[in-house]
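Down below is the structure, laid out as structure tokens.
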Amino acid sequence: MSILVFEDALVDHLTPLTTARAACCVTVGSYTLLDLLRRTGQALVGQLRPHLRAIAALDLPDLMQLGDPQLPPDQSPVLALNARLTPSVQTLQTIESLLNSDQEQSGIVWDGDQVAAVVRPSWTWQSLATRVLPGIESLLLSAHQLPALGSSLKLMSYPHEVIAANMRIINDSLQHRIATGNYEQRQDGVFVAPGAVLGEYVLTQTKAGPILIDVDAQVGPYTLLRGPVYIGPRSRILEHAAIKDAVSLGHTTKIGGEVEASIVEPFSNKQHHGFLGHSYLGSWINLGAGTCNSDLKNTYGAVNMEYPAGKATTGMQFLGCVMGDYSK
């Protein structure tokens, strides 16, 4: 069996997160959608925007692309998944349930009025090979006639929804990592992978969620870690840092100062003092010394966002900054 991961027309609503990154590679709660799909053991094929295909070929060797000479031997995917799916444990369980279903019936999974997944579509690799936006939209429209399935899948449509989802699902994601990974529990709720190093006088608080420190990560002395927190492989937390409340750090990041309820993608640095809260940082970002963001509206009310597609009411009292990959 094989799974198609497609980007639809609304992927641009996630700008700047998805300007230089496929939507299935956006980290939420320590996982990306591709991370979860790899756990299914199925062949993965991506239908990405044309400008991302070259970098995907380098960074995602296990994600075949339409037009590759060696596509899966089956004639069509058993599942077509929207790349904007929230990468939660619940999403993984729903996908596994759809894959393991004995029924041969085709169907569609909706999230409101948006297509989250198409089960057993009649699309062949040949028919998909020439489809790019807006071509994929015509196939999705043709799928609207399929019966709706009762499965629940959630999509992310705007950047603030990524930050909200991270806070909502990170505890479940970390528990899933603990159950399926190779971690040693050093203290109550503190789980450490091989090669990770904790400095002296590190204060940990795990009442609200666990702390996971992955392979070869380093935590400097006199640091506060307040879970739920995920520190990715080969990351470095500098001395006197405060990392707390739903922080997900990608691999090879370097973090100092105070970070709260934020996602930092691989190869980004916030090395110096300063505050980053309720925010998303893409890859290859370097925040200078003293950089701070505000994540609280001066009226203490819910934050409204102005996007190219229009105004969105977030319902969030705390919301910081969003930076895509390769920002300066």
Quiz prompt | Given D8, D12, D111, the one that forms salt bridge (charged side-chain N to carboxylate O under 4.0 Å, His left out) with R84 | solution = D8

Quiz prompt | With R21, the side-chain hydrogen bond (donor to acceptor under 3.5 Å, both in side chains) member among T27, T32, D325 | solution = D325

Quiz item: Could you give the distance from NE2 (H160) to CG (L319), rounded to the nearest 0.5 Å?
Solution: 7.5 Å

Exercise. Evaluate the side-chain proximity of T291 to K270: yes if any heavy-atom separation is below 4.5 Å, no if none is.
Key: no

Quiz item: Parallel under 30°, tilted from 30 to 60°, perpendicular over 60°: which one fits the rings of Y158 and Y307?
Solution: parallel

Quiz item: Side chains of E265 and Y280: donor-acceptor distance under 3.5 Å anywhere?
Solution: yes

Quiz item: Are side-chain heavy atoms of R186 and I213 found at a separation under 4.5 Å?
Solution: no

Quiz item: Under 3.5 Å, is there a donor-acceptor pair between the side chain of S279 and the main chain of G277?
Solution: yes

Quiz item: To the nearest 0.5 Å, what is the distance between CD (Q185) and OG1 (T206)?
Solution: 8.5 Å

Self-check item: Hydrophobic cluster membership, L33 vs Y31, 4.5 Å side-chain cutoff
Solution: no

Self-check item: Gap separating the CD1 atom of I95 from the CD atom of Q90, nearest 0.5 angstrom
Solution: 11.0 Å

Quiz item: Are L85 and V78 in one and the same hydrophobic cluster, where Ile, Leu, Val, Met, Phe, Trp and Tyr link if side-chain heavy atoms are under 4.5 Å apart?
Solution: yes

Self-check item: E96 atom CD, neighbour heavy-atom count above 12 within 6.0 Å
Solution: yes

Exercise. Give the ring-plane orientation class for F6 versus W123, where under 30° counts as parallel, over 60° as perpendicular and anything between as tilted.
Key: perpendicular

Quiz item: Are the side chains of N286 and S268 in touch, meaning some heavy atoms are under 4.5 Å apart?
Solution: no

Quiz item: Under the 3.5 angstrom rule, does the side chain of T18 hit a backbone N or O of A23 as a donor-acceptor pair?
Solution: no

Self-check item: Gap between atom OG of S2 and atom CG of L71 - 0.5 Å precision
Solution: 8.5 Å

Quiz item: Can I163 be reached from I170 by stepping across I, L, V, M, F, W or Y side chains whose heavy atoms are under 4.5 Å apart?
Solution: no

Quiz item: Of I285, N293, L17, which is the lone residue that meets side chain to side chain contact (heavy atoms under 4.5 Å, CB included) with M323?
Solution: I285

Quiz prompt | Any donor-acceptor pair under 3.5 Å from K154 side chain to M156 backbone | solution = no

Practice problem: Take T86 and I169, measure what side-chain contact (heavy atoms from CB on, under 4.5 Å) needs, and give me the verdict at the end. | Solution: CA-CA 9 Å; T86 303; I169 71 174; 4.1 Å; yes

Quiz prompt | Test log, rule side chain to side chain donor-acceptor pair (under 3.5 Å), inputs T94 and T91 | solution = CA-CA 5 Å; T94 300; T91 295; over 6 Å; no

Practice problem: Would you please classify the geometry between the F267 ring and the H251 ring as parallel, tilted or perpendicular, with 30° and 60° separating the classes? | Solution: perpendicular

Practice problem: Determine, stepwise, if the pair E258 / L276 fulfils side-chain contact (heavy atoms from CB on, under 4.5 Å). | Solution: CA-CA 6 Å; E258 182 182 3; L276 179 72; over 6 Å; no

Practice problem: Inspect the surroundings of NE2 in H273 and state if more than 12 heavy atoms from other residues, nucleotides or ligands are less than 6.0 Å away. | Solution: no

Practice problem: Please determine, by modelled atom types, if T204 and Q187 share a side-chain donor-acceptor pair under 3.5 angstrom. | Solution: yes

Quiz item: I243 and L212: same hydrophobic cluster, using ILVMFWY side-chain contacts below 4.5 Å?
Solution: no

Quiz item: Under 6.0 Å from the CD atom of Q126, do we count more than 12 heavy atoms belonging to anything else shown?
Solution: no

Self-check item: Whether D59 side chain and A54 backbone form a donor-acceptor pair below 3.5 Å
Solution: no

Self-check item: Neighbour count above 12 (heavy atom, 6.0 Å) for D188 CG
Solution: no

Quiz item: Has the side chain of S262 got a donor or acceptor atom that lies under 3.5 Å from a matching backbone atom of H278?
Solution: yes

Quiz prompt | E161 side-chain N/O to P159 backbone N/O, donor-acceptor pair under 3.5 Å | solution = no

Quiz prompt | R226 and D245 ion-paired at < 4.0 Å | solution = yes

Self-check item: CG-CD1 distance between L44 and I3, expressed to the nearest 0.5 angstrom
Solution: 5.5 Å

Quiz prompt | Main-chain N/O of R49 paired with E7 side-chain donor or acceptor, under 3.5 Å | solution = yes

Quiz item: Do the side chain of N82 and the main chain of V115 share a donor and acceptor less than 3.5 angstrom apart?
Solution: yes

Quiz item: Taking the side chain from S106 and the backbone from R120, do they hold a donor-acceptor pair closer than 3.5 Å?
Solution: yes

Self-check item: salt bridge (Lys or Arg N to Asp or Glu O under 4.0 Å) between K244 and E260, worked out
Solution: CA-CA 5 Å; K244 53 190 183 181; E260 179 182 10; 5.2 Å; no

Quiz item: Within 45° of the axis and under 6.0 Å from the centre of the six-membered ring of Y183, does NZ or CZ of R177 qualify?
Solution: no

Quiz item: In Å, rounded to the nearest 0.5 Å, how long is the span from CG of L140 to CD1 of I108?
Solution: 7.0 Å

Quiz prompt | Pair I237-Q218, side-chain contact (heavy atoms from CB on, under 4.5 Å): steps then yes or no | solution = CA-CA 6 Å; I237 308 300; Q218 300 179 38; over 6 Å; no

Practice problem: Would you tell me whether T253 and S235 have side-chain atoms, one donor and one acceptor, within less than 3.5 Å of each other? | Solution: yes

Practice problem: Group every Ile, Leu, Val, Met, Phe, Trp and Tyr by side-chain heavy-atom contacts under 4.5 Å, then state whether L14 and M167 land in the same group. | Solution: yes

Practice problem: Give a yes or no answer on whether the side chain of Q65 reaches the backbone of R53 with a donor-acceptor pair at less than 3.5 Å. | Solution: yes

Practice problem: List the steps and the verdict of side-chain contact (heavy atoms from CB on, under 4.5 Å) for L34 and C25. | Solution: CA-CA 6 Å; L34 274 187; C25 296; 3.8 Å; yes

